[in-house]
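Report on one structure; see the data block that follows.
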Amino acid sequence: MTARTPTTVYPMTIYHKPNCSTSRNVLTLIRESGVEPEIVLYLETPPPKKKLRELAKAMGMGARELLRTKEAPYEELKLADSKWTDDQLFDAIVEHPILLQRPIVVSPRGTLMCRPWGRVREILPA
């Protein structure tokens with residue numbers, strides 16, 4: 001695929017982890033569509049709880065669906081326990097941003113958890 005030259009501004013944001021192959025593949029597809037997205041390096045700049053709530057709502061998900069279950073804090077904090085409320089789970093993600101499932105992409109066509117990475121095509125410019 002060849003990159004398109006952007007003819008209009010198409011605002012996109014990716015919550016990105018550079019050493020994650022899925023996240024890198026999504027970023028590549030976005031760029032190949034002719035868009036240079038805002039890149040949020042969420043491990044360096046974790047989104048606040050309010051933003052996490054907005055993202056989850058936009059994707060039709062609860063806090064639990066945003067969790068990466070294979071990360072050490074998930075086990076250490078025993079987050080699999082159903083006693084945790086969404087509010088508490090969002091707090092855990094803010095405190096331990098490695099727990100945030102990635103990549104999340106926000107575009108005018110919607111907000112998606114882009115796993116598998118090809119899902120990003122659903123919200124790229126037409």
Side-chain angles (χ1 to χ4, degrees):
M1 177 185 278
T2 59
R4 288 191 260 165
T5 303
T7 54
T8 59
V9 174
Y10 191 82
M12 290 186 84
T13 302
I14 180 172
Y15 290 83
H16 182 58
K17 182 178 178 192
N19 67 349
C20 168
S21 62
T22 300
S23 198
R24 286 193 314 268
N25 288 336
V26 168
L27 182 57
T28 296
L29 283 178
I30 292 170
R31 287 177 168 158
E32 286 177 352
S33 79
V35 174
E36 183 55 39
E38 174 186 0
I39 298 171
V40 176
L41 300 174
Y42 68 90
L43 292 177
E44 295 173 18
T45 309
K49 184 164 42 172
K50 180 180 179 188
K51 176 53 82 174
L52 291 173
R53 284 186 180 286
E54 290 170 4
L55 292 169
K57 183 177 180 183
M59 293 184 290
M61 297 179 164
R64 188 161 296 284
E65 294 166 286
L66 294 183
L67 290 171
R68 287 188 57 82
T69 60
K70 295 179 182 175
E71 300 296 340
Y74 184 83
E75 288 298 320
E76 292 164 6
L77 298 171
K78 299 179 178 22
L79 295 177
D81 191 320
S82 62
K83 73 177 182 178
W84 300 104
T85 65
D86 272 8
D87 198 53
Q88 291 169 318
L89 293 174
F90 285 129
D91 285 338
I93 295 169
V94 170
E95 189 168 332
H96 305 278
I98 192 72
L99 290 170
L100 182 62
Q101 188 60 269
R102 63 186 179 262
I104 297 172
V105 178
V106 180
S107 89
R109 295 185 64 199
T111 301
L112 279 180
M113 176 71 61
C114 293
R115 286 192 168 272
W117 57 269
R119 285 198 72 202
V120 73
R121 290 183 179 102
E122 297 173 30
I123 58 172
L124 291 175

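Residues take their numbers from the sequence shown, with the count starting at 1. The structure presented is a predicted model; accordingly, all values stated were derived computationally and were not measured.
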With sequence neighbours excluded, give me every salt bridge (charged side-chain N to carboxylate O under 4.0 Å, His left out) pair touching residues 91-107. Lys49-Asp91

What I'd like to find out is whether the side chain of Asn25 reaches to under 4.5 Å of the side chain of Val120, using heavy atoms alone. no

Listed by chain and number, what are the side chain to side chain contact (heavy atoms under 4.5 Å, CB included) partners of Asp81, not counting sequence neighbours? Lys83, Trp84

Salt-bridged, Glu54 to Lys51, with N to O below 4.0 Å? yes

Please find the pair of heavy atoms, one from Leu29 and one from Gly118, that lie closest to each other, and give the distance. CD1-CA, 4.4 Å

Can you name the nearest heavy-atom pair linking Leu100 to Pro47, along with the distance? CD2-CG, 4.4 Å

Is a side-chain N or O of Ser107 found less than 3.5 angstrom from the main chain of Ile123, in a donor-acceptor match? yes

Closest heavy-atom contact between Met59 and Thr111? CG-O, 3.4 Å

How about Lys17 and Ile98: do any of their side-chain heavy atoms sit closer than 4.5 Å? yes

Heavy atoms, side chains only, cut-off 4.5 Å: are Phe90 and Leu66 in contact? yes

Between Arg53 and Asp87, is there a side-chain heavy-atom distance shorter than 4.5 Å? yes

CD-CG distance between Glu32 and Leu27, expressed to the nearest 0.5 angstrom: 10.0 Å

Would you compute the distance between atom CG of Leu41 and atom CD1 of Ile14 and round it to the nearest 0.5 angstrom? 10.0 Å

Distance-minimising heavy-atom pair for Arg115 and Thr22: NH1-OG1, 3.7 Å

Connected via hydrophobic side-chain network under 4.5 Å: Ile39 and Leu55: no

Are any non-hydrogen side-chain atoms of Leu124 and Met12 less than 4.5 angstrom apart? yes

Of all residues at least two apart in sequence or in a different chain, which pass the side chain to side chain contact (heavy atoms under 4.5 Å, CB included) check with His96? Pro73, Leu77, Leu99

Residue set satisfying side chain to side chain contact (heavy atoms under 4.5 Å, CB included) with Pro108, at least two apart, ordered chain then number -> Tyr10, Pro11

Contact between Pro37 and Val105 at the side-chain level, heavy atoms closer than 4.5 Å - yes or no? no

What pairs meet the salt bridge (charged side-chain N to carboxylate O under 4.0 Å, His left out) rule with one or both residues in residues 60-73, with sequence neighbours excluded? Arg68-Glu71

Check Tyr42 against Pro97 and note the closest heavy-atom contact, atom names and distance. CE1-O, 3.3 Å

Over all heavy atoms of both residues, which pair between Leu89 and Ala63 is shortest? Give the atoms and the distance, please. CB-CB, 3.7 Å

Hey, could you give me the CG/CG distance between Asn19 and Leu43, rounded to the nearest 0.5 Å? 8.0 Å

Please identify which of these residues, Ser21, Pro116, Cys20, Cys114, meets the side-chain contact (heavy atoms from CB on, under 4.5 Å) condition with Val26. Cys114

Could you pull out all residues at least two apart from Thr13 that satisfy side chain to side chain contact (heavy atoms under 4.5 Å, CB included)? Tyr15, Glu38, Val40, Val106

